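The structure appears right after this line, and notes come after that.
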2 protein chains.
Amino acid sequence: MITINAIAEQAGVSRTTVSRVLNRSGYVSEEARKRVLAVIEETGYVPNEYAKSLRTKKTKVVGVVLPKISTETASRLVDGIDKILADEGYQILLTNTNLEPEKEIEYLKLLKSRNVDGVILSATNINDELLKEIENLNIPFVAVGQEIPDVSTVVFDDFYAAKEMAELLINRGHQKIAFIGVDPADRSVGHSRKDGYLAALKEHDLPIVDDWQQTGIFDVESGYKAMKTILEKATERPTAVLAVTDRLAVGAMQYLKESGYRIPENIAVAGMGASEMSKYVSPSLTTMDFNYERAGEEAARQILNKINRPGEEKEKKIVLNYRIIKRNSI
Amino acid sequence: MITINAIAEQAGVSRTTVSRVLNRSGYVSEEARKRVLAVIEETGYVPNEYAKSLRTKKTKVVGVVLPKISTETASRLVDGIDKILADEGYQILLTNTNLEPEKEIEYLKLLKSRNVDGVILSATNINDELLKEIENLNIPFVAVGQEIPDVSTVVFDDFYAAKEMAELLINRGHQKIAFIGVDPADRSVGHSRKDGYLAALKEHDLPIVDDWQQTGIFDVESGYKAMKTILEKATERPTAVLAVTDRLAVGAMQYLKESGYRIPENIAVAGMGASEMSKYVSPSLTTMDFNYERAGEEAARQILNKINRPGEEKEKKIVLNYRIIKRNSI
DNA sequence: CTGAAAGCGCTTACAG
DNA sequence: CTGAAAGCGCTTACAG
């Protein structure tokens with residue numbers, strides 16, 4: 001590996017001078033600069049960022065911890081983060097918990113040991129141990145997707161999004177609305193969205209039936225099963241179903257179609273998340289668009305603010321808009 | 001930030017000793033070890049990886065350059081890479097070229113300056129400048145998706161995959177088969193797949209009609225347009241169409257359905273890539289499954305081999321299998 | 001079993 | 001305008 005010393009020697013200057021032309025800091029004579037630049041060009045020298053950050057205490061790296069990489073939400077989020085960060089010369093160090101909660105803590109520590117300038121966490125379940133770790137982290141931090149007290153967060157208004165979706169169904173004349181959710185340990189998707197659904201029903205004095213409410217995980221298969229369970233268990237058949245993710249909704253549609261129900265004539269289906277798929281299933285799925293790229297961008301901006309103005313920035317909560325997409329499934 | 005010196009002081013030993021317990025190397029008395037471990041536990045100390053790698057010349061980071069993050073292919077690939085790397089304590093430094101070819105070179109340099117232990121490039125277009133940069137890189141390197149001479153690669157057999165898909169169509173009785181491709185500058189998806197399609201037609205003495213061959217980019221919209229163009233320009237209507245990606249195929253299906261064609265009765269449609277969506281569109285899409293996770297895993301294994309046995313490993317090419325998925329669109 | 005010292009490749013006051 | 005020197009937080013022969 002070629003170092004700053006080699007460049008200095010070849011250019012006939014001290015490494016201090018090389019450093020100065022590299023960083024465009026301090027005075028360097030035009031002559032010296034040219035010689036240095038020529039040698040750099042010739043040798044293809046690139047400064048060792050590790051040595052640099054050992055001195056400067058800056059790494060120009062932001063750690064991102066994701067619950068799962070291969071998911072549309074995650075990749076759109078990372079896209080947004082990268083868009084903002086790349087412009088400022090920052091790189092992303094990616095870690096993937098694969099939905100194992102212990103790993104969130106492990107990776108937070110690891111990112112710290114790698115001296116990242118900041119951490120963006122796409123949170124799912126929040127537990128006390130994690131909160132403690134975040135508190136002790138002591139580097140710029142922002143969470144996406146879940147609210148965390150005293151911490152900067154970028155969130156979606158899950159409650160109102162779900163409520164509005166339920167209300168859309170109600171406006172279309174539905175009185176018997178089923179629900180496919182996920183584990184309420186996930187406060188945003190599991191808990192708040194269900195609350196939104198329930199709130200809408202209550203406000204409109206509609207029946208809230210336990211058998212119409214099922215829980216799945218984040219895949220198509222479990223949406224299929226949940227829909228099956230609802231139809232098998234319910235004494236009275238619902239006329240619409242609201243699923244908290246598009247995958248769940250698509251699974252529900254699969255079951256309904258296989259069982260000979262017509263969508264939306266017999267049962268209307270609504271999802272949430274605006275996955276690419278939602279547009280191309282038949283019938284096309286009514287869903288809720290959360291702007292994940294935007295969430296990534298906002299999170300990245302916040303991190304940048306915190307990095308550049310340490311202490312100045314106070315923790316703030318950004319709530320992002322959602323947008324309903326009406327299609328043929330309702 | 002708390003350092004090894006602070007730990008040494010508090011534990012009443014030298015930092016050499018602390019280093020030894022940290023790395024489980026050399027002799028340390030049980031007593032000293034315990035004291036050190038206690039202080040580490042108490043303080044929550046994590047060693048600075050940057051300082052470490054400045055000494056050891058190892059960073060435990062592998063750089064990954066992607067043409068686009070928010071795509072199913074990319075995220076499945078990264079998933080596979082991460083699966084293997086995480087077990088060995090390696091992290092991924094992610095860079096995203098957003099399909100801008102100049103950025104591939106820029107990021108290769110950047111990753112080098114960050115002293116990554118290896119680089120995995122998910123290549124699309126290969127140009128001379130890039131090849132030169134790869135040659136000069138001088139760190140473990142593997143390319144995925146495109147063949148590069150004298151460089152380790154993990155590729156799919158795009159030619160035979162496309163050929164086999166065309167043959168499936170032919171076996172189903174189709175004689176007039178249209179094609180939606182992408183820019184041949186993309187050797188694998190653009191060039192080889194088209195060659196495979198053409199080879200199948202030739203072998204079976206089927207008509208090769210220019211107007212039946214259109215080119216799109218990597219999205220649904222351009223598949224729609226390509227299908228439209230084919231149908232408008234062709235004097236004779238094809239009975240099947242092979243698209244080189246699922247998105248293109250889905251776009252084609254959209255156009256066909258809107259225009260009142262029945263799939264597969266009037267026109268059969270086949271895609272490639274086995275996107276999640278392909279399973280849930282109507283009719284479900286016949287496609288080709290390339291195991292991207294597996295490609296990521298293989299690439300990661302190769303990188304690891306090169307890192308651990310420098311000089312020993314020779315450049316090798318891994319060709320991954322594909323698997324045809326027959327569904328209702330043909 | 002333990003520690004002093006050198007050194008990894010940089011940057012940055014400081015003195016000239 | 002320029003350079004010698006110190007120091008960032010580690011590891012690793014080397015000597016004891």
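Remember, predicted model here, so these are calculated numbers, not experimental data. Each chain gets a letter, A, B and so on, in the order its sequence line appears, and its residues count up from 1.
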Hey, does [X] reach any base, or is it just sugar-phosphate, or nothing, if we go heavy atoms under 4.0 Å?
{"X": "Asn5(A)", "result": "nothing"}
{"X": "Thr3(A)", "result": "sugar-phosphate"}
{"X": "Ser19(B)", "result": "base"}

[X] has an atom [atom1]; how far is it from atom [atom2] of [N], in whole Å?
{"X": "Arg114(B)", "N": "dG9(C)", "atom1": "CZ", "atom2": "P", "value": "18 Å"}
{"X": "Leu22(B)", "N": "dC10(D)", "atom1": "CG", "atom2": "C1'", "value": "10 Å"}
{"X": "Lys58(B)", "N": "dG9(D)", "atom1": "NZ", "atom2": "C1'", "value": "20 Å"}
{"X": "Ile7(A)", "N": "dG9(C)", "atom1": "CD1", "atom2": "C1'", "value": "12 Å"}
{"X": "Asn23(B)", "N": "dC10(D)", "atom1": "CG", "atom2": "C1'", "value": "9 Å"}
{"X": "Arg15(A)", "N": "dG9(C)", "atom1": "CZ", "atom2": "C1'", "value": "8 Å"}
{"X": "Ile4(A)", "N": "dG7(C)", "atom1": "CD1", "atom2": "P", "value": "18 Å"}
{"X": "Asn115(A)", "N": "dC10(D)", "atom1": "CG", "atom2": "P", "value": "9 Å"}

Nearest to the side chain of [X], heavy atoms from C-beta on, is which of [options]?
{"X": "Leu54(B)", "options": "dT2(D), dC8(C), dG3(D)", "result": "dC8(C)"}
{"X": "Tyr45(B)", "options": "dG3(C), dA13(C), dC10(D)", "result": "dC10(D)"}
{"X": "Thr56(A)", "options": "dT11(C), dG3(C), dA6(C)", "result": "dT11(C)"}
{"X": "Thr16(B)", "options": "dG3(D), dG3(C), dT2(C)", "result": "dG3(C)"}
{"X": "Arg20(A)", "options": "dG3(D), dT2(C), dC10(D)", "result": "dG3(D)"}
{"X": "Pro47(A)", "options": "dT11(D), dC10(C), dA4(D)", "result": "dC10(C)"}

Lys/Arg N to Asp/Glu carboxylate O, [X] vs [Y], below 4.0 Å:
{"X": "Glu31(A)", "Y": "Lys34(A)", "answer": "no"}
{"X": "Arg187(B)", "Y": "Glu147(B)", "answer": "no"}
{"X": "Arg301(A)", "Y": "Glu88(A)", "answer": "no"}
{"X": "Glu297(B)", "Y": "Arg294(B)", "answer": "no"}

- Closest-nucleotide 5' rank along DNA chain C - winner of Lys52(A) and Lys57(B):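 Counting from the 5' end, the first nearest nucleotide belongs to Lys57(B).
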
- More 5' along DNA chain C: Ala51(B) or Ser29(B), using each one's nearest nucleotide?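 Between the two, 5'-proximity favours Ser29(B).
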
- Complementary nucleotide for dA13(D) - Watson-Crick or wobble, under 3.5 Å: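 With both distances under 3.5 Å required, dA13(D) matches none.
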
- Does dA4(C) have a Watson-Crick or wobble partner in any strand here, with both distances under 3.5 angstrom, and which is it?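 Result: none.
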
- Query: Considering only heavy atoms from C-beta outward, does the side chain of Leu320(B) approach that of Asn291(B) to under 4.5 Å?
  - Reply: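 Answer no - side chains too far apart.
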
- Message: Within the structure provided, determine whether Glu104(A) and Glu133(A) are in side-chain contact (heavy-atom separation under 4.5 Å).
- Response: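 No - every pair of side-chain heavy atoms lies 4.5 Å or more apart.
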
- Item | N/O (side chain, Thr17(B)) to phosphate O (OP1/OP2, dG3(C)) under 4.0 Å |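 So the side chain of Thr17(B) is within the cut-off, an N or O lying under 4.0 Å from OP1 or OP2 of dG3(C).
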
- Task: Check if the side chain of Arg55(A) and the base of dG7(D) share a donor-acceptor pair of N or O atoms closer than 3.5 Å.
- Result: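 It does, because a donor-acceptor pair links the side chain of Arg55(A) to the base of dG7(D) below 3.5 Å.
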
